[in-house]
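Written out below as structure tokens is the structure these notes cover.
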Amino acid sequence: AVGLLPLPEGMEPVGVLLFIFGLGWIAARRLFDSQERLAALRQELDTARRIQASILPSEPPRTAGLDVAMRYVPAADVAGDFYDVLPGEGRRLGLLVADVSGHGVPAALIASMVKVAAAAQAPHAASPARVLTEMNQIFQLKSQFITAVYVWLDLDAGRLTWASAGHPPPLLWKKRDGTVQELVQPGMVLGRLRRAAYTEASVPLEPGDRLLLFTDGIPEALNAAGEPFGDARLREILTEASDLPADALADRLLQRVAAWTGRSAGFEDDLTLVVAGVGTV
């Protein structure tokens, strides 16, 4: 048998102290290593956040007779929401809003790919169905998918044409009669079936009309009781604030969502919206 030599008298406290010191040193070293890794991770996330912000339009498009405002509130450092603009000639403009399933870095990476896919559609930006059809052919996703809506505004022709890929329908407030139209159009989410084809529809677009594109983080935002914000409240705000400039209308909507959830930031899901107001010039 192997025995242990007894410690000299009075050495037990010293041994205990040495043992505690050893444990403390190991714990401190692990904490230091963890902090280093955490700092590196934060730096990488900050870099990813800045890169993602750079792929979004830095300012609203300037098109005569069109007042556009855009808002993007990610739930985390990086997000899966995305919006973009495809400019056309004259008073014509394409607006895209997309939402990648999931959160964090994986969703943000796919959102960056959406940027590239959308930019490639510039030659046929006037055809929403073709834009989504060709974007869908670029993606082949297994565990994720993308919802998207693309709207082509032709102020010279007075028409709004749109196509959807499983995305919440845009809302169009009509100045003529003060009603809100839900622009429903069927379409499969992007990235699941490469041969999927998309269709488009169009409605008249007149001076004074207001268009709202958004991701599902807005109507699905929950209050303390677990009740969603809902589409009905979106319609109410669009109606009551229809005379406001696009920027003010966008701010009003986000303020209402913040009041509903009791949060001014740190929402459970990414929030993105685009407001487009049609003027007379």
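Just so you know, these numbers come straight off a predicted model, no measurement behind them.
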Discussion item. Applying side chain to side chain contact (heavy atoms under 4.5 Å, CB included) to D216 and D99, what does each step give before you reach the verdict?
Written reply: CA-CA 8 Å; D216 61 7; D99 184 1; 3.1 Å; yes

Euclidean distance, [Y] [atom2] relative to [X] [atom1], rounded to 0.5 Å:
| X | Y | atom1 | atom2 | answer |
| --- | --- | --- | --- | --- |
| T272 | I218 | OG1 | CD1 | 7.0 Å |
| I110 | S112 | CD1 | OG | 10.0 Å |
| F139 | L193 | CZ | CG | 15.0 Å |
| L95 | Y83 | CG | OH | 11.5 Å |
| L213 | L273 | CG | CG | 9.0 Å |

Report yes or no: do [X] and [Y] belong to one cluster of Ile/Leu/Val/Met/Phe/Trp/Tyr joined by side chain heavy-atom distances under 4.5 Å?
| X | Y | result |
| --- | --- | --- |
| M135 | V116 | no |
| L222 | L253 | no |
| L132 | I138 | yes |
| V184 | L96 | no |

Exam field: side chain [X] to backbone [Y], donor-acceptor pair closer than 3.5 Å:
| X | Y | answer |
| --- | --- | --- |
| Q181 | L172 | no |
| T133 | Y198 | yes |
| R210 | W173 | no |
| S164 | H167 | yes |
| D67 | V278 | no |
| E200 | A163 | no |

Item to complete: For atom CE of M113, decide whether the heavy atoms of other residues, nucleotides or ligands shown that lie under 6.0 angstrom number more than 12.
Response: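 Count over threshold, so yes.
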
Worksheet item: Between the side chains of R159 and S202, does any donor sit under 3.5 Å from an acceptor?
Response: yes

[X] versus [Y], closest heavy-atom pair with distance:
| X | Y | result |
| --- | --- | --- |
| Q140 | R194 | OE1-NH2, 3.0 Å |
| A221 | V257 | CB-CG1, 3.9 Å |
| A111 | F82 | O-CD1, 4.1 Å |
| A118 | D84 | CB-OD2, 4.3 Å |
| A98 | I146 | CB-CG2, 4.1 Å |
| P207 | K175 | O-CD, 3.7 Å |

Between [Y] and [X], is there a salt bridge with N-O shorter than 4.0 Å?
| X | Y | answer |
| --- | --- | --- |
| D251 | R71 | yes |
| R235 | E182 | yes |
| E240 | R252 | yes |
| E206 | K174 | yes |

Would you say the side chain of [Y] lies within less than 4.5 Å of the side chain of [X], judging by non-hydrogen atoms?
| X | Y | value |
| --- | --- | --- |
| R92 | W152 | yes |
| L211 | L171 | no |
| P128 | Y150 | yes |
| L153 | R91 | no |
| T161 | V151 | no |
| T239 | V180 | yes |
| N223 | T261 | no |
| F145 | L190 | no |

Practice prompt. Carefully, step by step, assess R256 and E236 under the rule side chain to side chain contact (heavy atoms under 4.5 Å, CB included).
Written response: CA-CA 11 Å; R256 291 289 184 85; E236 290 173 4; 5.9 Å; no

Discussion item. Ring of W260, cation from R233 - is the NZ or CZ under 6.0 Å from the centre and inside 45° of the axis?
Written reply: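 Yes; both conditions hold, so R233 lies above the ring face of W260.
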
Worksheet item: After noting the C-alpha distance and the side-chain angles of L249 and L238, does the key distance pass the side chain to side chain contact (heavy atoms under 4.5 Å, CB included) rule?
Response: CA-CA 8 Å; L249 199 161; L238 191 58; 4.1 Å; yes

Discussion item. Against T215, only a single residue in D270, V274, V73, V97 fulfils side-chain contact (heavy atoms from CB on, under 4.5 Å); can you say which?
Written reply: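 That would be V97; it is the only one of D270, V274, V73, V97 passing the side-chain contact (heavy atoms from CB on, under 4.5 Å) with T215.
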
Practice prompt. May I have the step-by-step check of side chain to side chain contact (heavy atoms under 4.5 Å, CB included) for L205 and D154, ending in yes or no?
Written response: CA-CA 8 Å; L205 192 63; D154 187 340; over 6 Å; no

